[in-house]
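These notes are about the structure you will find just below.
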Amino acid sequence: MLYPASYNIRMLQNSTWRSFFRFTEKRRAVTAIDIVSGTPTFVSSCHDYSVNDKIVFASSESVPCGLPLNSILYVISDGLTGNSFRVSSTQGGSSISLGLAPAGTLPVSLSASKPISLAGFTLDADIVNVATDSQATTFSISVTDLHNGLIQLYLSPATTLALSVGEYRYDLSLTDESGDRFYYLTGYPYRDWE
């Protein structure tokens with residue numbers, strides 16, 4: 001299942017806006033990280049991950065030193081149970097090493113999920129004028145890692161300059177080969193020149 005997300009963006013008039021996004025599925029909450037001699041074990045009830053599964057961590061809060069966010073990591077056999085797992089930065093490698101969490105606490109919003117391949121999908125991202133319900137412009141989309149779901153959205157200075165005063169919303173959708181469309185990302189682009 002694709003997980004839709006909401007993310008508001010801030011643009012400056014006559015300037016470049018760009019950001020990277022990764023498509024994931026099977027998101028699981030990480031409820032604890034047990035770190036013994038620098039080796040972390042991630043606790044996540046019924047995570048359903050297997051050896052060599054690719055996963056990505058995400059959090060909006062501070063994380064333990066050394067925990068890479070939005071990077072591809074691999075589940076390893078060492079420490080793998082139905083409710084916990086360890087990860088490596090390479091397939092079949094040894095566990096990553098972590099420092100302690102800031103102030104000794106675990107971020108409450110830490111999650112792990114599987115990246116999805118974008119092979120066979122068509123992507124579309126539009127900005128719509130809310131008052132007229134008409135398309136105002138389209139993002140440029142670059143797929144930077146097809147098999148691990150990483151893309152870059154981009155607006156040029158000419159595009160941000162051309163947006164008139166008004167309220168806008170945007171969406172990013174994927175359409176598969178059978179024509180099924182999934183909305184993955186939505187939000188409001190805020191402009192700093194009003």
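- Counting only distance, with no hydrogens or angles, the side chain of T160 and the backbone of N14 share a donor-acceptor pair below 3.5 Å.
- Residue Y188 qualifies as open at atom OH: its count of foreign heavy atoms under 6.0 Å is 12 or below.
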### Residues S111, R27; criterion side-chain hydrogen bond (donor to acceptor under 3.5 Å, both in side chains); working and verdict
CA-CA 7 Å; S111 64; R27 183 181 306 141; 4.5 Å; no
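- With hydrogens and angles disregarded, a donor-acceptor distance shorter than 3.5 Å links the side chain of T144 to the backbone of L150.
- Here the side chain of D176 pairs a donor or acceptor atom with the backbone of S178 at under 3.5 angstrom.
- Counting heavy atoms from C-beta outward, I72 and R22 have side chains that approach closer than 4.5 Å.
- Here K26 does not pair with D53 in a salt bridge; the nearest charged N to carboxylate O distance is not below 4.0 Å.
- Linking Ile, Leu, Val, Met, Phe, Trp and Tyr residues whenever their side-chain heavy atoms come within less than 4.5 Å places I151 and F121 in a single cluster.
- When all heavy atoms of L98 and I35 are compared, the closest pair comes out as O-CG2, 3.9 Å.
- Interatomic distance, S113 OG to K54 NZ, rounded to the nearest 0.5 Å: 13.5 Å.
- At a cut-off of 3.5 Å, with distance as the only test, no side-chain donor of D171 or S173 sits close to an acceptor on the other residue.
- Listed here is the closest heavy atom pair of E177 and G120: CG-O, 3.3 Å.
- S95 is not listed as a side-chain neighbour of V87, based on a closest heavy-atom distance of 4.5 Å or more.
- Proximity of the aromatic rings of F21 and Y184 is defined here by a centroid distance below 6.0 angstrom, and this criterion is not met.
- Within the model, atoms OG of S19 and CD1 of I9 stand 8.5 Å from one another, a figure rounded to the nearest 0.5 Å.
- Contact annotation: the side chain of P40 approaches that of I96 to within less than 4.5 Å [non-hydrogen atoms, C-beta and beyond].
- When side chains are defined from C-beta on, V43 counts as touching D34, because their heavy atoms get closer than 4.5 Å.
- Here the shortest heavy-atom pairing between Y168 and V130 reads C-CG2, 3.7 Å.
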- [ ] Dump the intermediate steps for side-chain contact (heavy atoms from CB on, under 4.5 Å) on I55 and F85, then the final yes or no.
- [x] CA-CA 11 Å; I55 66 161; F85 60 93; 3.4 Å; yes
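- Here the CG atom belonging to L123 is positioned 12.0 Å from the CZ atom belonging to F182, to the nearest 0.5 angstrom.
- Across every non-hydrogen atom of G66 and P68, the tightest pair is O-CD, 3.0 Å.
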side-chain contact (heavy atoms from CB on, under 4.5 Å) between S59 and S109, worked out | CA-CA 5 Å; S59 178; S109 65; 3.4 Å; yes
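- Distance check: S45 OG to R28 CZ gives 10.5 Å after rounding to the nearest 0.5 Å.
- Between the CG atom of N129 and the OG atom of S164 there is a distance of 6.5 Å, given to the nearest 0.5 Å.
- In this structure, the ring of F42 has its center less than 6.0 angstrom from the ring center of F57.
- F20 and L155 are assigned to two separate hydrophobic clusters, defined by single-linkage of ILVMFWY side chains at heavy-atom distances under 4.5 Å.
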Test side-chain contact (heavy atoms from CB on, under 4.5 Å) on D133 and R169; report intermediate values, then the result.
CA-CA 9 Å; D133 200 31; R169 71 177 190 280; 2.9 Å; yes
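- When the side chains of ILVMFWY residues are joined at heavy-atom separations under 4.5 Å, either directly or via intervening members, Y170 and I141 end up in a single hydrophobic cluster.
- Distance OG1/T41 to CG/L80: 10.5 Å, rounded to 0.5 Å.
- For the residue pair Q91 and Y74, the shortest heavy atom distance occurs at N-CD1, 3.4 Å.
- Tracing side-chain contacts under 4.5 Å through hydrophobic residues (I, L, V, M, F, W, Y), one reaches I116 starting from V143; they form part of the same cluster.
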Could you go through L185 and F23, starting from their C-alpha distance and side-chain angles, then the distance that decides it, and tell me whether this counts as side-chain contact (heavy atoms from CB on, under 4.5 Å)?
CA-CA 9 Å; L185 186 63; F23 292 85; over 6 Å; no
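- Cluster annotation: Y7 and L153 are assigned to the same hydrophobic cluster (Ile/Leu/Val/Met/Phe/Trp/Tyr, side-chain heavy-atom contacts under 4.5 Å, transitive).
- When all heavy atoms are compared, the tightest approach of H47 to T81 is NE2-O, 2.7 Å.
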